[in-house]
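Within every chain, numbering begins at 1; the chains are lettered A, B, ... in the order of the sequence lines, protein sequences first and strands thereafter.
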Amino acid sequence: MRKTVREDVRVVAGREVPFTHPHKLLYPEQGITKARLADHYERVWPRMAPLLKDRPLTIKRYPRGLGQGGFYQRRVQEWFPDWVRSTELPMKDDPSQVVREVVADHPATLVFLVNIGALEIHASLARAQAPDLADMMIFDLDPPGDFTDEVRRVAVEFRDMLEDLGLPVYVKTTGSRGFHVTVPLKPRLSFDVTRRLARALGERMIARDPDNLTLMPRKDVRKGRILIDIWRNAYAQTAVAPWSTRARAGATVATPLSWDEMTQGIHPRAWTIANIGERLALPDPWADFFDRALDLRSWARSAPDDLAAIVGQNVQAG
DNA sequence: GTTGTAG
DNA sequence: CTACAACAACGCACC
DNA sequence: GGTGCG
Ligand SMILES: [Mn+2]
Ligand SMILES: [Mn+2]
């Protein structure tokens with residue numbers, strides 16, 4: 001096949017992106033092509049961009065399509081276009097070593113990632129400028145098997161508890177088996193602190209429902225209970241980004257929800273690349289996500305003692 | 001999807 | 001020149 | 001140091 005520049009390039013908001021095999025089936029069962037996936041990211045970009053701003057990304061690639069084996073990638077390669085923005089993260093053990101990761105500041109970046117077969121986009125819970133200061137806290141609810149409605153009820157219970165404690169709480173589908181209950185934070189505290197706080201809050205949930213919930217990740221210890229996965233709250237770790245597709249049949253989408261939708265009942269795979277357009281006509285339930293970011297130190301002044309102790313407080317001078 | 005190397 | 005293999009994460013808990 | 005886990 002003769003190569004012409006025009007056929008291997010896609011223009012995205014004025015930027016020329018290398019884009020090969022647009023009709024390649026990335027989701028063969030549903031007939032979803034690379035071009036269709038790129039359409040998705042161009043379409044959700046206005047809502048996705050503020051949630052990706054300044055965040056190091058990890059992608060999950062399936063260059064030969066879903067079902068042909070995938071792998072995570074976080075390092076920017078030499079052959080990435082030079083307009084793809086990136087940032088260096090020191091490694092936790094041995095900060096003299098760094099990992100250069102993509103930061104998406106333009107829809108063309110996501111289209112480029114689609115071109116190399118990225119079916120999932122995962123984002124840090126901190127911004128590049130302060131990679132150890134969490135600006136959100138995620139409770140990732142992972143059922144033992146496939147989704148059951150118990151997971152949804154637990155998420156709603158979580159919201160009730162967190163709201164009673166005065167925390168802002170958002171939720172998204174993961175496009176897989178559960179939900180991400182998410183608290184926006186001012187970037188002031190390290191992941192060591194937010195993870196300990198998440199653990200303490202998880203323990204409060206377990207006290208309400210010990211038969212169905214656990215914080216123990218080992219499968220042989222969980223025994224049918226829903227895992228409250230707090231391990232996304234860690235340095236240089238990521239969670240599937242809002243509006244990302246998943247490497248699952250149907251090209252499900254991790255979708256920001258309103259709590260009304262959660263209360264009324266919803267499946268974590270309800271939203272897909274095929275029906276997500278319906279949501280984009282409706283108000284964005286996460287539109288004020290960062291506006292409501294919480295300063296945990298201020299919050300701690302009126303929080304229960306055990307929780308305040310984890311956050312640490314500025315002591316009033318006497 | 002891209003690169004390096006063997007044939 | 002073509003073919004094919006190699007490569008493409010990391011952090012935390014626990015034994 | 002290796003394993004389990006996401
Ligand atoms: Mn999960
Ligand atoms: Mn998880």
Side-chain angles (χ1 to χ4, degrees), chain A residues 1 3 8-10 17-26 33-34 37-38 55-66 68-82 84 86-95 97-102 111-126 131-132 134 138-145 174-180 190-196 198-199 202 214-223 225-241 244 246-248 254 268:
Chain A
M1 184 183 283
K3 261 197 174 173
D8 285 6
V9 165
R10 177 166 170 139
V17 185
F19 201 78
T20 54
H21 314 296
H23 304 301
K24 183 187 191 75
L25 292 174
L26 290 183
T33 63
K34 192 191 270 190
L37 192 57
R55 282 172 212 286
L57 303 182
T58 297
I59 58 178
K60 195 170 186 193
R61 292 177 58 194
Y62 290 76
R64 294 183 301 169
L66 182 60
Q68 294 292 304
F71 53 92
Y72 286 93
Q73 180 163 350
R74 52 173 49 195
R75 289 167 187 265
V76 168
Q77 301 297 300
E78 200 57 45
W79 45 268
F80 283 20
D82 52 17
V84 171
S86 60
T87 186
E88 280 186 348
L89 289 188
M91 295 190 73
K92 187 70 171 184
D93 55 5
D94 191 0
Q97 295 193 61
V98 294
V99 177
R100 179 162 286 282
E101 302 186 6
V102 171
V111 171
F112 168 72
L113 296 177
V114 167
N115 184 54
I116 63 174
L119 300 191
E120 302 191 350
I121 295 169
H122 299 246
S124 169
L125 282 62
D132 198 36
I138 293 181
F139 301 89
D140 171 22
L141 302 180
D142 289 337
T174 63
S176 181
R177 296 199 277 257
F179 302 96
H180 283 174
S190 72
F191 284 106
D192 286 350
V193 174
T194 60
R195 188 171 60 254
R196 271 187 279 151
R199 171 174 286 281
T214 181
L215 278 160
M216 292 181 281
R218 284 193 58 119
K219 287 177 172 173
D220 53 12
V221 198
R222 281 192 228 165
K223 293 203 289 195
R225 292 173 293 187
I226 296 166
L227 173 66
I228 303 168
D229 176 6
I230 59 170
W231 305 106
R232 304 306 89 213
N233 303 287
Y235 176 80
Q237 293 306 103
T238 60
V240 66
S244 173
R246 301 308 303 269
R248 291 191 61 115

Please tabulate the protein-to-nucleotide N/O contacts below 3.5 Å involving nucleotides 11-15 of chain C, giving atom names and distances.
unit_1, atom_1, unit_2, atom_2, d
C:dG11, OP1, A:K92, N, 3.1
C:dG11, O4', A:Q237, OE1, 2.8

Every protein N/O lying under 3.5 Å from an N/O of nucleotides 1-4 of chain B:
unit_1, atom_1, unit_2, atom_2, d
B:dG1, OP2, A:K34, NZ, 3.1
B:dG1, O4', A:R61, NH2, 3.0

When you compare the protein's N or O atoms with those of nucleotides 2-7 of chain C, which come within less than 3.5 Å of each other, and at what distance?
none

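We find that CZ of A:F80 is positioned 8 Å from C1' of C:dA8, with the value rounded to whole Å. Here the C1' atom of nucleotide D:dG6 and the CG atom of A:N233 are 13 Å apart, to the nearest Å. Rounding to whole angstrom units, CD1 of residue A:I226 and P of D:dG6 are separated by 14 Å. The distance between atom CD1 of A:I59 and atom P of C:dA9, rounded to the nearest whole Å, is 9 Å. Between the CG atom of A:L113 and the C1' atom of C:dA8 there is a distance of 13 Å, given to the nearest Å. Atom CZ of A:R248 and atom P of D:dG6 are 14 Å apart (whole Å). Distance A:L89 CG to C:dA9 P: 13 Å, rounded to the nearest Å. At whole-Å resolution of the value, OH in A:Y72 and P in D:dC5 are 15 Å apart.
Rounded to the nearest Å, the gap between the C1' atom of C:dA8 and that of B:dG4 is 15 Å. For the C1' atoms, the distance linking C:dA9 with D:dG4 amounts to 16 Å, nearest Å.
The minimum heavy-atom distance between A:P95 and A:P90, with the atom names listed, is O-CB, 3.7 Å. Among all heavy-atom pairs drawn from A:L215 and A:G202, the shortest one is CD1-C, 4.0 Å. The nearest pair of heavy atoms linking A:Y62 to A:L26 is O-CD2, 4.0 Å. Heavy-atom minimum distance, A:V114 versus A:A38: CG1-N, 4.0 Å. Across every non-hydrogen atom of A:R55 and A:L125, the tightest pair is NH1-C, 3.7 Å. The nearest pair of heavy atoms linking A:S86 to A:V76 is CB-CG2, 3.7 Å.
Applying the side-chain hydrogen bond (donor to acceptor under 3.5 Å, both in side chains) test to pairs two or more places apart or on separate chains, those with a residue in residues 117-126 of chain A are A:E120-A:H122, A:E120-A:R246.
For A:R64, the CZ atom is loosely surrounded, since the number of other residues' heavy atoms within 6.0 Å does not exceed 12.
For the strand DNA chain C, secondary-structure stems (runs of at least three Watson-Crick or G-U pairs, all distances below 3.5 Å) span B:1-7 with C:1-7, C:10-15 with D:1-6.
Counted by atom type alone, A:N115 and A:T20 present one or more donor-acceptor pairs between their side chains at under 3.5 Å. Residues A:R232 and A:T238 have side chains that never bring a donor and an acceptor to within less than 3.5 angstrom of each other.
Judged by distance alone, the side chain of A:D142 and the main-chain N or O of A:I228 form no donor-acceptor pair under 3.5 Å. A:Q77 places a side-chain N or O within 3.5 Å of a backbone atom of A:R75 that can act as its donor or acceptor partner. The closest donor-acceptor contact from the side chain of A:R177 to the backbone of A:G145 lies under 3.5 Å.
No engagement by A:R177 is indicated, since no non-hydrogen atom pair under 4.0 Å with the nucleic acid exists.
Every side-chain contact (heavy atoms from CB on, under 4.5 Å) that A:E88 has, sequence neighbours left out, goes to A:V98, A:R100.
For the pair A:K219 and D:dG6, the criterion of a side-chain N or O lying under 4.0 Å from OP1 or OP2 is met.
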